[in-house]
Structure formats: structure tokens, C-alpha cells
Amino acid sequence: MANSAWSEKILQLLRRMNNFYQPGSCRTSCFRFEIDHAPVGWVPPQVASLLTRYPEVFSPPRDGAVSLCAGLDSYERRSEAVDAVLQAMRHEGSLGCLKGWRDEKYSVMPKFSDRPLMWMERAATSLFGVKRYGVHVNGYTVSDSGEVSMWLARRSPTKQTYPGLLDNVAAGGLAAGVGIKQTLIKECEEEACIPAAIAEKAHPVTTVSYTYKDEDGVFPESQFVFDVELPLDFRPRVGDGEVQDFYLLPIDQVKELLATDDFKPNSAMVVLDFLIRHSFIEPDTEPCYQEFVAGLHQTLE
């Protein structure tokens with residue numbers, strides 16, 4: 001693929017994954033989601049109208065915000081009350097995202113470093129535009145001659161999201177109460193059978209952040225990115241069934257694949273960041289270098 005065509009494909013990916021910021025997006029019509037006066041998300045107008053059916057949990061929209069009722073003044077009370085609403089909505093079956101219910105609890109807080117104000121079912125977080133955090137691992141090798149290759153996973157065709165697409169060697173969302181490194185080691189072992197002794201050598205390198213809107217709601221996400229150099233004689237193996245296969249590919253081929261529809265979008269962003277940090281993409285030769293960097297690090301305020 002010619003350089004200009006490749007660059008335009010990457011720009012399209014970044015625009016798609018940051019479409020909440022684009023002119024004409026639903027951002028101007030969304031309500032802030034606030035807990036105890038702290039902003040923690042964005043509620044699309046169609047969701048806000050549904051929440052008015054539960055006045056014992058949600059106060060009516062006011063001054064551009066949807067809030068929990070004042071009586072829900074603890075982590076446990078908020079979590080239980082909102083979960084009861086979501087369970088009722090789930091059984092109604094009108095919201096597509098709730099059909100993918102996972103029984104996974106995600107923490108809700110203004111910033112990652114803040115104390116969680118409640119937990120929420122993972123499948124419902126997009127209804128409230130609650131920021132979701134995850135861990136992504138770039139697994140790569142360096143040959144004796146210095147050539148870099150990357151291990152990629154092919155997602156299972158039965159995955160709820162992005163079935164059959166290429167992915168990082170291991171990745172997973174941060175569940176409530178579970179640490180970043182703990183999640184990394186767990187996902188490496190479960191998805192790729194990477195022993196803890198190897199996974200522990202992964203080092204944190206950056207975060208990749210973006211916000212997009214689709215028919216299921218608003219997705220502000222931030223991924224903690226790790227790099228791990230895998231031994232040349234090591235091959236990841238399918239573990240928990242979330243992956244159907246692994247491939248070790250030359251870095252030039254990986255770069256070309258980023259511009260196709262064969263890659264899970266946010267994982268493509270993580271790999272793009274790897275290519276930039278390891279100087280496989282450089283500002284002297286890539287005219288869109290600054291746009292790439294900016295698109296990888298959009299933080300929703």
C-alpha cells in the first residue's frame with residue numbers, strides 16, 4: 001500500500017475511535033453523569049429519558065446533568081440501586097448492549113487514581129459513558145540479527161465483540177478491585193499461556209486513550225500498554241478459548257495490516273503506538289506523525 005493511502009487509512013481509524021470529539025457528534029446533546037457532584041460519564045439523551053422511569057434512583061436531568069438520588073450516599077447503595085435498574089432494563093430486552101451482559105464489575109470514578117464511587121456491570125458502562133480501563137500487551141521478538149517481529153492473536157469467532165479479528169497477544173479489561181499488573185499476568189496466562197515468570201517482565205510504556213460513540217452508547221476508554229520481549233523459542237498457545245490462533249509476523253507486515261479491516265480497532269491503535277515508540281514510524285518520513293500521536297492520546301474531560 002502506498003504511503004499516502006496507508007496514512008489516510010490510519011487517520012480514518014483514529015477519527016473513528018475519537019468520533020465523540022468530531023463536529024456534529026452527540027456530545028453536545030449528552031448529559032453529564034454525576035455522582036455526588038463529581039462528573040463520571042456522559043449519558044446519551046435517549047438513555048436519559050429511560051432513566052426518568054426510575055425516580056428512586058436517578059434525579060431528573062438538571063443543568064445538563066443526570067445524577068443519582070441524594071439518598072444513595074455510599075458505594076454499596078449506589079452500586080446495588082443502579083444494578084437493579086440495569087437488571088430490569090436487561091430483562092426488557094430493548095437495549096442491545098445489555099444482551100452482552102458479562103457479570104463483570106467495573107469501577108466508576110472521575111479519574112483512575114480516585115476512590116471508586118460505585119461499580120457497574122461492564123456491558124452497561126456505555127449507557128452512562130463511564131470511562132473503562134484495560135491492559136494491552138505488545139508481545140514481540142528480536143532475532144539474532146536485530147529484526148523485530150510481533151505476536152498477534154486471532155480472536156475467537158464466538159467472541160461477543162470483534163469476532164475473528166486480529167488482536168494484541170493478550171489484553172483484558174480492568175475489573176473492579178483488580179490491579180493493573182495482576183490483570184496483565186492473568187490475561188497473559190489465560191489467553192496465551194504465557195507463564196507468569198515471562199509476563200512479569202513486561203514493562204509499562206504508555207496509555208492509549210480515545211472516546212467513540214456508536215449505537216450502544218459512549219465509550220471513553222484508556223488502555224494501559226505494556227511491552228514484553230518474548231524468547232525466540234517461545235510460542236503462545238490458545239488458553240481460555242478467547243483466541244483461535246497466534247501468528248508471529250515481521251513488523252513491516254504488521255504495519256500493513258493496521259490499515260485493513262482485519263484488526264480490532266483499539267488494538268490497532270496500541271500497535272500503532274508501538275511502531276511510533278520503536279521508531280518504525282518517524283516524523284521525517286511520516287507527514288501525519290503529529291496527527292497519529294494526538295489521536296492516540298485523547299483524554300475526555
Side-chain angles (χ1 to χ4, degrees), residues 1-27 126 131-142 147-155 159 161-171 204-216 218-228 246-300:
M1 186 181 297
N3 284 345
S4 60
W6 184 89
S7 298
E8 181 55 34
K9 285 284 189 179
I10 298 302
L11 288 177
Q12 290 174 10
L13 166 69
L14 296 174
R15 293 183 193 118
R16 170 188 171 189
M17 296 301 287
N18 288 292
N19 65 13
F20 194 63
Y21 305 98
Q22 301 296 321
S25 82
C26 72
R27 183 175 183 179
S126 63
K131 179 164 279 192
R132 313 198 309 183
Y133 297 89
V135 175
H136 282 243
V137 184
N138 292 303
Y140 68 99
T141 63
V142 182
E147 295 179 351
V148 177
S149 299
M150 180 174 281
W151 281 104
L152 298 179
R154 174 76 69 184
R155 292 166 68 84
K159 285 283 289 182
T161 57
Y162 304 105
L165 296 189
L166 292 172
D167 204 342
N168 301 115
V169 70
V205 289
T206 190
T207 58
V208 168
S209 303
Y210 47 89
T211 304
Y212 66 93
K213 167 72 170 69
D214 67 15
E215 65 276 5
D216 288 330
V218 180
F219 295 80
E221 299 188 341
S222 188
Q223 310 298 341
F224 292 93
V225 179
F226 288 73
D227 288 353
V228 59
F246 291 96
Y247 313 98
L248 181 63
L249 301 177
I251 208 70
D252 286 344
Q253 186 175 349
V254 173
K255 180 180 177 181
E256 288 299 309
L257 285 167
L258 292 186
T260 71
D261 294 329
D262 202 26
F263 233 109
K264 183 170 178 273
N266 67 342
S267 300
M269 294 174 72
V270 170
V271 175
L272 176 66
D273 174 80
F274 179 94
L275 296 178
I276 292 171
R277 287 186 291 102
H278 290 264
S279 299
F280 294 107
I281 297 175
E282 295 191 316
D284 276 329
T285 54
E286 174 51 67
C288 298
Y289 185 91
Q290 287 185 298
E291 289 91 337
F292 289 176
V293 173
L296 293 170
H297 306 288
Q298 296 276 357
T299 302
L300 180 63

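Remember, it's a predicted structure, so these values are computed and weren't measured experimentally.
Side chains of Tyr140 and Ser149: no donor on one and acceptor on the other come within 3.5 Å. Side-chain contact annotation: His278 with Asp227, donor-acceptor N/O pair under 3.5 Å present. Judged by distance alone, the side chains of Asp167 and Ser267 do bring a donor and an acceptor atom under 3.5 Å apart. A donor and an acceptor atom, one from each side chain of Arg132 and Ser126, are nowhere located under 3.5 Å apart.
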Kindly determine whether Ile251 and Met150 satisfy side-chain contact (heavy atoms from CB on, under 4.5 Å), including the steps that lead there.
-> CA-CA 6 Å; Ile251 208 70; Met150 180 174 281; 4.2 Å; yes
Ring pair (Phe, Tyr, Trp, His ring centres under 6.0 Å) assessment of Phe20 paired with Tyr212 = CA-CA 5 Å; Phe20 194 63; Tyr212 66 93; 9.9 Å; no
With side-chain contact (heavy atoms from CB on, under 4.5 Å) as the test, would you mind laying out the steps for Val254 and Leu166 before giving the verdict?
-> CA-CA 10 Å; Val254 173; Leu166 292 172; over 6 Å; no
Can you list the steps and then say if Arg277 with Val205 is a side-chain contact (heavy atoms from CB on, under 4.5 Å)?
-> CA-CA 9 Å; Arg277 287 186 291 102; Val205 289; 3.4 Å; yes
Taking it one step at a time, do Asn138 and Val270 satisfy side-chain contact (heavy atoms from CB on, under 4.5 Å)?
-> CA-CA 8 Å; Asn138 292 303; Val270 170; 3.7 Å; yes
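Closest non-hydrogen pair, Val135 versus Gln223, comes out as N-OE1, 3.8 Å. The minimum heavy-atom distance linking Phe226 with Pro204 is given by the pair CD2-N, 3.4 Å. Shown here for Val137 and Asn168, the closest heavy-atom pair between the two residues is O-CB, 3.4 Å. Of all non-hydrogen atoms in Leu13 and Ala268, the two that sit nearest each other are CD2-CB, 3.9 Å. Taking every heavy atom of both residues into account, Gln298 and Gly295 meet most closely at CG-O, 4.1 Å. Scanning all heavy atoms of the two residues, the minimum distance from Phe292 to Ile10 falls at CE2-CG2, 3.5 Å.
The SG atom of Cys288 lies 9.0 Å from the CH2 atom of Trp6; values are rounded to the nearest 0.5 Å. Here Leu275 contributes atom CG and Ile281 contributes atom CD1; the two are 4.5 Å apart, rounded to the nearest 0.5 Å. With rounding to the nearest 0.5 angstrom, the CD atom of Gln12 is 11.0 Å from the OG atom of Ser7. Between atom CG of residue Leu152 and atom CG of residue Leu257 there is a gap of 7.0 Å, rounded to the nearest 0.5 Å.
Not counting sequence neighbours, Tyr210 has no partner by the ring pair (Phe, Tyr, Trp, His ring centres under 6.0 Å) test.
The aromatic rings of Phe246 and Trp151 sit perpendicular to each other, their planes meeting at more than 60°, with 30° as the lower class boundary.
Under 4.0 Å is where a charged nitrogen must lie from a carboxylate oxygen, and between Lys9 and Glu256 no such pair does.
Annotation for Glu8: atom CD counts as buried by contact number, over 12 foreign heavy atoms lying within 6.0 Å.
No side-chain heavy atom of Lys213 sits less than 4.5 Å from a side-chain heavy atom of Phe219.
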